[in-house]
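First the structure, in the form of structure tokens, and then the observations on it.
Numbering starts at 1 and runs along the sequence shown. As the structure is a computational prediction, the values presented were derived from the model and not from experiment.
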Amino acid sequence: MAGRPRSARVDRALADATLELLDEVGFDALTLDAVAARARVSRPALYRRHPDKLHLVAHVLLTAAAPMSDPDTGSARDDLLALARALVDGLSWVVLAVHAEVRRASGPVADFLAERHAMVARVVRRGVARGELRADLDPELVRDLLFGPLVYHWLATDRARPAAEVFDLVWPLLSADRPPPAVAR
């Protein structure tokens, strides 16, 4: 015999309470007891859905996150810039905290990041196939070169840097129009 179906009202109340408390107290100070109290649900109702804080927050953020679709504009340059802009638009302390903790959580968070990493790899492969990007590019390195400075700037200044500023500096390293830079190994 299956149990009764989960209440959509409880799910929504937990999500709303989690987002409110994240905004008020942050990830570190958030507690499951506080979420249950704010949502006016029992602790067992919360624990049946989420075994710990990381899973709760990850679930809420993944549910609330705007999907990042593969731009596939026909231009690797435009596709990568669109992905960089989507990253900048989605930055928040909570998102970065969840990303930092992802190695401890399996399931949806890891899948969520893997899907985004695979999207960058697809964009790079398409760009190489079209002759727009250097054939020797490693998609992980492209991701790190493009997204790393954007995230670091946000961490260091609590402000987003326009993705186009970083992109214009990184693009010559990626473009098939230029010879690869000499690397001392």
Side-chain angles (χ1 to χ4, degrees), residues 15 19 22 26-28 52-185:
L19 290 171
L22 284 169
F27 181 78
D28 288 338
D52 57 42
K53 175 172 71 170
L54 179 59
H55 284 81
L56 168 66
V57 171
H59 173 78
V60 168
L61 291 177
L62 293 178
T63 302
M68 185 184 282
S69 59
D70 186 339
D72 201 2
T73 63
S75 161
R77 180 182 175 88
D78 291 345
D79 291 353
L80 289 170
L81 183 55
L83 292 176
R85 285 183 173 139
L87 172 85
V88 168
D89 291 345
L91 283 176
S92 75
W93 286 109
V94 175
V95 168
L96 293 177
V98 170
H99 279 248
E101 294 291 328
V102 73
R103 286 170 186 79
R104 295 187 319 133
S106 59
V109 178
D111 294 344
F112 177 79
L113 293 177
E115 288 170 19
R116 289 176 180 231
H117 295 171
M119 189 181 313
V120 172
R122 284 192 304 274
V123 168
V124 170
R125 284 193 302 273
R126 281 196 310 257
V128 168
R130 292 178 187 142
E132 298 172 85
L133 298 176
R134 292 184 11 222
D136 64 338
L137 286 178
D138 173 6
E140 286 185 15
L141 185 57
V142 171
R143 180 197 67 215
D144 295 349
L145 284 170
L146 184 55
F147 299 161
L150 295 169
V151 172
Y152 183 79
H153 178 80
W154 193 87
L155 284 170
T157 66
D158 202 20
R159 291 181 294 113
R161 177 179 292 277
E165 287 181 13
V166 171
F167 189 82
D168 288 343
L169 293 172
V170 171
W171 178 252
L173 300 172
L174 311 177
S175 175
D177 292 339
R178 299 213 174 172
V183 177
R185 294 188 186 222

### Task
List in chain and number order the residues that pass side chain to side chain donor-acceptor pair (under 3.5 Å) with Arg85, two or more places apart in sequence or in another chain; answer none if no residue qualifies.
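Partners of Arg85 by the side chain to side chain donor-acceptor pair (under 3.5 Å) criterion come out as none, since no residue qualifies.
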### Summary
Nearest heavy-atom approach of Val120 to Pro139 is CG1-O, 3.9 Å
### Query
How close do Met119 and Pro71 get, heavy atom to heavy atom, and via which atoms?
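For Met119 and Pro71, the tightest heavy-atom pair comes out as SD-CD, 4.4 Å.
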### Task
Before giving the answer on side chain to side chain contact (heavy atoms under 4.5 Å, CB included), spell out for Leu81 and Trp171 the whole-Å C-alpha distance, their side-chain angles and the decisive distance to 0.1 Å.
CA-CA 10 Å; Leu81 183 55; Trp171 178 252; over 6 Å; no
Can you give the donor-acceptor pairs under 3.5 Å from side chains of residues 144-153 to other protein atoms, not counting sequence neighbours?
| unit_1 | atom_1 | unit_2 | atom_2 | d |
| --- | --- | --- | --- | --- |
| His153 | ND1 | Arg161 | NH2 | 3.4 |
| His153 | NE2 | Thr157 | OG1 | 3.4 |

#### Entry: Chi angles and distances behind the side chain to side chain contact (heavy atoms under 4.5 Å, CB included) call for Leu83, Leu87
CA-CA 6 Å; Leu83 292 176; Leu87 172 85; over 6 Å; no
### Query
Would you say Val142 and Val123 make side-chain contact, with heavy atoms under 4.5 Å?
no
### Query
Are any of the side-chain heavy atoms of Phe27 and Leu54 separated by less than 4.5 Å?
yes
### Query
Would a distance-only check, ignoring hydrogens and angles, find a side-chain to backbone donor-acceptor pair under 3.5 Å from Thr73 to Ser75?
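Checking the backbone N and O of Ser75 against the side chain of Thr73, a donor-acceptor pair under 3.5 Å is found.
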### Query
Can you check whether Leu173's main-chain N or O pairs, donor with acceptor, with Arg134's side chain at less than 3.5 Å?
yes
Let me confirm one number: the [atom1]-[atom2] distance from [X] to [Y], rounded to the nearest 0.5 Å.
| X | Y | atom1 | atom2 | answer |
| --- | --- | --- | --- | --- |
| Arg125 | Leu133 | CZ | CG | 12.0 Å |
| Asp72 | Asp78 | CG | CG | 11.0 Å |
| Arg116 | Asp70 | CZ | CG | 12.0 Å |

### Task
Could you walk me through whether Leu169 and Glu165 pass side chain to side chain contact (heavy atoms under 4.5 Å, CB included), step by step?
CA-CA 7 Å; Leu169 293 172; Glu165 287 181 13; over 6 Å; no
